[in-house]
There are 2 protein chains.
Amino acid sequence: MTGNSTRERIIEVADRLIYERGYEHTSFADIAAGVKISRGNFYHHFKTKDEILDTVIERRLMTTRHLLDEWEMTGETPAARICCFVRILVTNRTKIMQFGCPVGTLAGELTRLGHRSSTRASALFSLFREWLCRQFEQLGRAEDADELAMELLAWSQGVATLASALRDEAFLEREVERMCEWVKTGKENVPCGKELD
Amino acid sequence: MTGNSTRERIIEVADRLIYERGYEHTSFADIAAGVKISRGNFYHHFKTKDEILDTVIERRLMTTRHLLDEWEMTGETPAARICCFVRILVTNRTKIMQFGCPVGTLAGELTRLGHRSSTRASALFSLFREWLCRQFEQLGRAEDADELAMELLAWSQGVATLASALRDEAFLEREVERMCEWVKTGKENVPCGKELD
DNA sequence: GTCTATAGACGGATAGAC
DNA sequence: GTCTATCCGTCTATAGAC
């Protein structure tokens with residue numbers, strides 16, 4: 001089906017452009033040019049810009065679920081699985097250095113604009129949160145698993161933001177190592193260690 | 001001088017709107033309407049949109065320097081001064097919950113768009129970084145003061161992003177407490193304590 | 001008369017929607 | 001392909017201070 005594959009290509013290009021430029025800064029013309037179709041043809045598949053946004057978000061939710069399932073299967077221990085999550089910062093570092101974290105930037109933009117779909121975009125965070133929560137539970141931290149999940153989410157978000165803004169890729173790589181250490185051994189680099197109390 | 005005060009009012013409104021809506025999504029018409037002047041009058045004070053962006057960034061740099069000087073004087077210990085920084089998350093929580101961190105969102109937007117002024121916007125981060133670095137040095141951590149400064153910056157950025165996206169103000173307040181604890185006592189909530197090794 | 005602050009119309013470009 | 005709205009930026013016109 002040509003129609004279906006055209007629709008798929010539209011979503012793919014829109015997904016990429018929304019990540020790279022932000023939702024408001026991505027125009028129909030940009031997407032149409034990326035897919036190499038006319039704008040008229042475009043409206044045959046999507047009536048409004050918001051409709052594309054919703055489709056892109058649902059697509060991201062789906063691919064994220066698949067990704068989490070994959071990590072669930074490949075990681076042998078809970079700690080190893082959590083490290084799979086942490087390491088996407090390194091895996092996607094080229095784009096993250098340029099455009100930040102795709103989850104954080106979209107959720108941030110839509111929340112700030114008070115957009116109707118902001119909660120759906122934030123559901124991407126919840127997906128990671130719940131998955132991480134389960135991993136921490138299996139790590140023997142059932143009591144504060146959700147707190148730990150939120151801490152790691154925030155940590156990785158901050159690292160992506162700062163590494164991108166200050167163009168410091170070494171910082172990103174160093175922090176990924178620290179996060180993995182934190183998960184595995186619990187060792188922490190604290191400003192004023194207990195031994196100094 | 002009426003002219004000067006009009007210019008000042010333009011910068012103030014532009015500063016607020018750029019924070020609340022983002023740079024690209026803030027139009028001259030919006031700013032002019034906020035100041036209650038005509039668009040023609042506007043161009044008498046600022047020739048281009050980038051010119052007003054630069055002015056807003058320089059203004060933020062200046063007010064940030066003053067803020068840091070204030071904390072330098074009011075905080076009695078290095079740890080107390082660092083906590084002044086951490087607590088702006090709570091002080092400005094209403095706006096942060098709606099629009100995120102003003103430093104991170106602007107630097108992120110400009111970096112992503114490859115804007116000419118992105119480095120100037122990121123200089124705001126550097127201002128905090130260098131100030132925090134000095135505080136950690138005074139805390140007796142001269143060796144890794146800059147690393148600690150970056151860690152705390154990233155931490156606070158991540159908390160702002162996540163609290164805003166998930167509309168979780170309790171998380172923001174809880175993390176602020178944890179950050180202050182971290183600075184003061186070095187105690188950490190780790191997923192797998194050393195004692196389990 | 002000159003300078004400055006203000007206002008408002010105009011144009012080219014581009015946006016989303018049909 | 002067309003339509004309308006809005007964007008940025010430039011233009012000219014007016015009002016008052018000196």
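What you are looking at is a predicted structure, and each value in this text was computed from that prediction instead of being measured. All values below come from the heavy atoms of this structure, side chains included, with hydrogens, waters and symmetry mates left out.
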Inset, instruction - Could you state the atom-to-atom distance from CZ of F42(A) to C1' of dT2(D) in whole Å? - result: 18 Å

Legend entry - Rounded interatomic separation in angstrom, taking CD1 from I37(B) and C1' from dG8(C): 13 Å

Legend entry - Those residues that, when tested against F125(B), pass ring pair (Phe, Tyr, Trp, His ring centres under 6.0 Å) (two or more places apart): none

Inset, instruction - State which residues pass side-chain contact (heavy atoms from CB on, under 4.5 Å) with N41(B); sequence neighbours excluded, sorted by chain then number. - result: I37(B), S38(B), H44(B), H45(B)

Inset, instruction - Send over the distance from H115(A) NE2 to dG16(C) C1', rounded to a whole Å. - result: 13 Å

Legend entry - Beyond-backbone contact of E175(B) with R178(B), side-chain heavy atoms, under 4.5 angstrom: yes

Legend entry - Distance in angstrom units between Y23(A) OH and dA15(C) C1', rounded: 12 Å

Inset, instruction - State which residues pass ring pair (Phe, Tyr, Trp, His ring centres under 6.0 Å) with F128(A); sequence neighbours excluded, sorted by chain then number. - result: F85(A)

Legend entry - Those residues that, when tested against T48(A), pass side-chain contact (heavy atoms from CB on, under 4.5 Å) (two or more places apart): D50(A), E51(A)

Legend entry - Residues which pass ring pair (Phe, Tyr, Trp, His ring centres under 6.0 Å) with F46(A), listed by chain and number, not counting sequence neighbours: none

Inset, instruction - Write down the distance between CG (L53(B)) and P (dC8(D)), rounded to a whole number of angstrom. - result: 13 Å

Output a table of nitrogen or oxygen pairs between the protein and nucleotides 9-15 of chain D separated by less than 3.5 Å.
{"unit_1": "dG9(D)", "atom_1": "OP2", "unit_2": "K49(B)", "atom_2": "N", "d": "3.1"}
{"unit_1": "dG9(D)", "atom_1": "N7", "unit_2": "R39(B)", "atom_2": "NH2", "d": "3.1"}
{"unit_1": "dG9(D)", "atom_1": "N7", "unit_2": "Y43(B)", "atom_2": "OH", "d": "3.3"}
{"unit_1": "dG9(D)", "atom_1": "O6", "unit_2": "R39(B)", "atom_2": "NH2", "d": "2.0"}

Legend entry - Pairs satisfying salt bridge (charged side-chain N to carboxylate O under 4.0 Å, His left out), at least one member in residues 76-93 of chain B, at least two apart: E72(B)-R81(B), R93(B)-E169(B), R93(B)-E173(B)

Inset, instruction - Quantify the bending of the helix from dG1(C)-dC18(D) to dC18(C)-dG1(D) as the angle between its end axes, each fitted on five pairs, to 10°. - result: 0°

Legend entry - side-chain contact (heavy atoms from CB on, under 4.5 Å) partners of K95(A), counting only residues at least two apart: R16(A), Y19(A), E20(A), F99(A)

Legend entry - Nucleotide dC18(C), atom C1' - distance to CZ of F46(A) in whole Å: 17 Å

